[in-house]
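Report on the following structure.
Chain identifiers are assigned alphabetically (A, B, ...) following the order of the sequence lines, protein sequences preceding nucleic acid strands; residue numbering begins at 1 within each chain.
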There are 2 protein chains.
Amino acid sequence: MYNRLKGAIESVQKMEAHEWALALPFFEYQEFKKGEHLLQTGKVCNKVHFIVEGCARIYFSHESRDVSRQFFFEDSFVTEFGSLISKQPSLYAIDAVEDCKLLSINAENLDILYDNSINFLKFGKRIAEYTCIFVVNRNVEMVVRSAPERYLRLVKERPKVMNRVPLHMIASYLGITPEALSRIRKDVSKS
Amino acid sequence: MYNRLKGAIESVQKMEAHEWALALPFFEYQEFKKGEHLLQTGKVCNKVHFIVEGCARIYFSHESRDVSRQFFFEDSFVTEFGSLISKQPSLYAIDAVEDCKLLSINAENLDILYDNSINFLKFGKRIAEYTCIFVVNRNVEMVVRSAPERYLRLVKERPKVMNRVPLHMIASYLGITPEALSRIRKDVSKS
DNA sequence: GATTCGAATTGATCTACATCAAGGCGCTTA
DNA sequence: TAAGCGCCTTGATGTAGATCAATTCGAATC
């Protein structure tokens, strides 16, 4: 389990042995059942979670409807940057789409890590940069592509999302209603 | 001029004297006339620009129409993260909306800075994090607010954009056509 | 001062997707 | 086995904003 974590981190930034010695004890194992919240709207986010197994999502509520912002699967990290960094109440919630096994580090220990390990600092910078690029790209996709195009790209590029996330969550992620997604799927399956 | 740069950087991360001694010589002064390109689509971005005076924007072309992604004014930094980091040809262009006076550092020197100054590394991490939060927030605004709401928020929160950027660029930034923006402005001025 | 050309406005029409309302289908829980 | 309840689908209608086409305005150039 910890090897999975090490592998995921080293794919971004190589670490020294002493850095692992410092870091690994900070990551605590925890489990969440499907539907449970890793972070609730209005609470300050003070954790970064590594997903060993399962699926989680960030979402927000708007006019009594959930809007999914992003989905996360095994071998990736989930947190709410905005709240984690600003220490302000989160505008977003994180919940388990499937039962989740996590290795989680809290904000205080993360800061210790950044202050005492230059490679973790580099790791943090890279993660933020990649996230930034990813989010910009998603922005552009939303502007440039039609709803059916966005759906087809999701099917092609992120099959895990299609296979493991309920359609109504996918609909809001694509920026459309469940009804619209249903019709798009019908059209696509015809041709 | 260099004091403006120092001030902008120190508002994010304090630096030591030796770090300034290393960094400041890396920043070269340059000027761009309105309409000139700081970065062209298809070229690799290898600069980060600090705007001393003027206004620049990142945009891309889609179906023979420009879509503005963001506007930048004096005392802020402009670059195209995606291309700068991946070293791949940029999907986006950067041009001068007004005549620009810049202090620019190239990618090689930036890497030297990150490798030899822990505070610049922290600075880089923070900038990426703030950018990430800003971009996510913009995403959400696009989904949650109607076009008139987005327009009114821009008027209120970023008057510089309204005062110094042509309307057709603002329209594409808001995700609508110039015609739609014109009608929204008429409606708003009535009430 | 006349000319020009892009920017902005205005009007008429079209369309993608939302909204509202009603079923059906498949899980869970008893 | 049945009851109940989300989830997904389907149909009818509504609407925000796009598109197309034509002026008008305004700043730069000669």
Side-chain angles (χ1 to χ4, degrees), chain A residues 33-37 55 57 59 61-68 71 95-99 139-155 161-191, chain B residues 33-37 55 57 59 61-68 71 95-99 139-155 161-191:
Chain A
K33 288 279 167 209
K34 176 175 168 178
E36 286 179 347
H37 277 81
C55 171
R57 104 237 231 222
Y59 73 95
S61 287
H62 179 244
E63 291 173 357
S64 75
R65 192 173 261 185
D66 283 0
V67 180
S68 297
F71 304 104
D95 68 358
V97 175
E98 299 172 345
D99 291 356
N139 264 352
V140 171
E141 291 281 307
M142 291 294 280
V143 172
V144 159
R145 316 276 176 200
S146 68
E149 284 171 338
R150 296 198 301 268
Y151 169 72
L152 288 171
R153 286 176 77 85
L154 188 68
V155 169
V161 174
M162 284 313 304
N163 295 330
R164 295 167 57 182
V165 176
L167 289 173
H168 67 279
M169 292 184 188
I170 294 177
S172 71
Y173 175 77
L174 292 173
I176 56 178
T177 57
E179 293 95 323
L181 178 57
S182 178
R183 285 183 247 268
I184 288 169
R185 284 161 59 79
K186 192 164 62 165
D187 288 0
V188 165
S189 69
K190 264 189 241 160
S191 56
Chain B
K33 288 278 167 209
K34 177 177 165 177
E36 287 180 345
H37 277 81
C55 171
R57 103 238 229 221
Y59 73 95
S61 287
H62 179 244
E63 290 172 357
S64 75
R65 192 173 263 185
D66 284 0
V67 180
S68 297
F71 304 104
D95 69 357
V97 175
E98 298 172 346
D99 291 356
N139 263 354
V140 171
E141 291 281 306
M142 291 294 281
V143 173
V144 159
R145 316 275 176 200
S146 69
E149 283 170 338
R150 297 197 301 268
Y151 169 72
L152 288 171
R153 285 177 77 87
L154 188 67
V155 169
V161 175
M162 285 313 303
N163 295 330
R164 295 165 58 180
V165 176
L167 289 173
H168 67 279
M169 292 183 188
I170 293 176
S172 71
Y173 175 77
L174 291 173
I176 56 177
T177 57
E179 294 94 322
L181 178 57
S182 178
R183 286 183 248 269
I184 287 169
R185 283 162 59 80
K186 192 164 66 165
D187 287 0
V188 165
S189 69
K190 263 188 241 162
S191 56

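- Straight-line distance from the CG atom of A/D187 to the C1' atom of D/dT9: 13 Å, rounded to whole Å.
- If you check C/dC17, D/dT9, D/dG17 against the side chain of A/S182, the one that comes closest is D/dT9.
- The separation between A/I184 atom CD1 and D/dT9 atom P is 12 Å, rounded to whole Å.
- Proximity of a side-chain donor or acceptor of B/R150 to a complementary backbone N or O of B/R145 within less than 3.5 Å is detected.
- Straight-line distance from the CG atom of A/L174 to the C1' atom of C/dA16: 15 Å, rounded to whole Å.
- Counting distance only, with no hydrogens placed and no angle test, the side-chain atoms of B/E179 and the base atoms of D/dC20 include a donor-acceptor pair under 3.5 Å.
- Rounded to whole Å, atom P of D/dG26 lies 17 Å from atom NE2 of B/H168.
- Nearest-nucleotide assignment on DNA chain D puts the 5′-proximal partner with B/G175, out of B/G175 and B/K34.
- Nearest approach of A/V155 to A/M162, heavy atoms of both residues: CA-CG, 3.7 Å.
- In this structure, OH of A/Y151 is placed 15 Å from P of C/dC17, rounded to the nearest angstrom.
- Look at CG on A/L167: it is 14 Å from P on C/dC27, rounded to the nearest Å.
- Straight-line distance from the CZ atom of B/R185 to the C1' atom of D/dG17: 17 Å, rounded to whole Å.
- Residue A/K186 has a polar side-chain atom (N or O) positioned under 4.0 Å from OP1 or OP2 of D/dT10.
- Of the candidate nucleotides C/dA8, D/dC8, D/dA12, C/dA8 has the atom lying nearest to any side-chain atom of B/P166.
- The heavy-atom pair separating A/A147 from A/I184 by the smallest distance is CB-CD1, 3.7 Å.
- Contact check, A/T177 against C/dA18: a side-chain N or O comes under 4.0 Å of OP1 or OP2.
- Atom pair B/R65:CZ and D/dG17:P shows a separation of 15 Å (rounding to whole Å applied).
- Taking 4.0 Å as the cut-off between side-chain N and carboxylate O, A/D99 and A/K33 count as a salt-bridged pair.
- A donor-acceptor pair is defined here as one N or O able to donate and one able to accept, closer than 3.5 Å; such a pair exists between the side chain of A/S172 and the backbone of A/S68.
- One N or O donor and one acceptor, one from the side chain of B/R183 and one from the base of D/dT19, sit under 3.5 Å apart.
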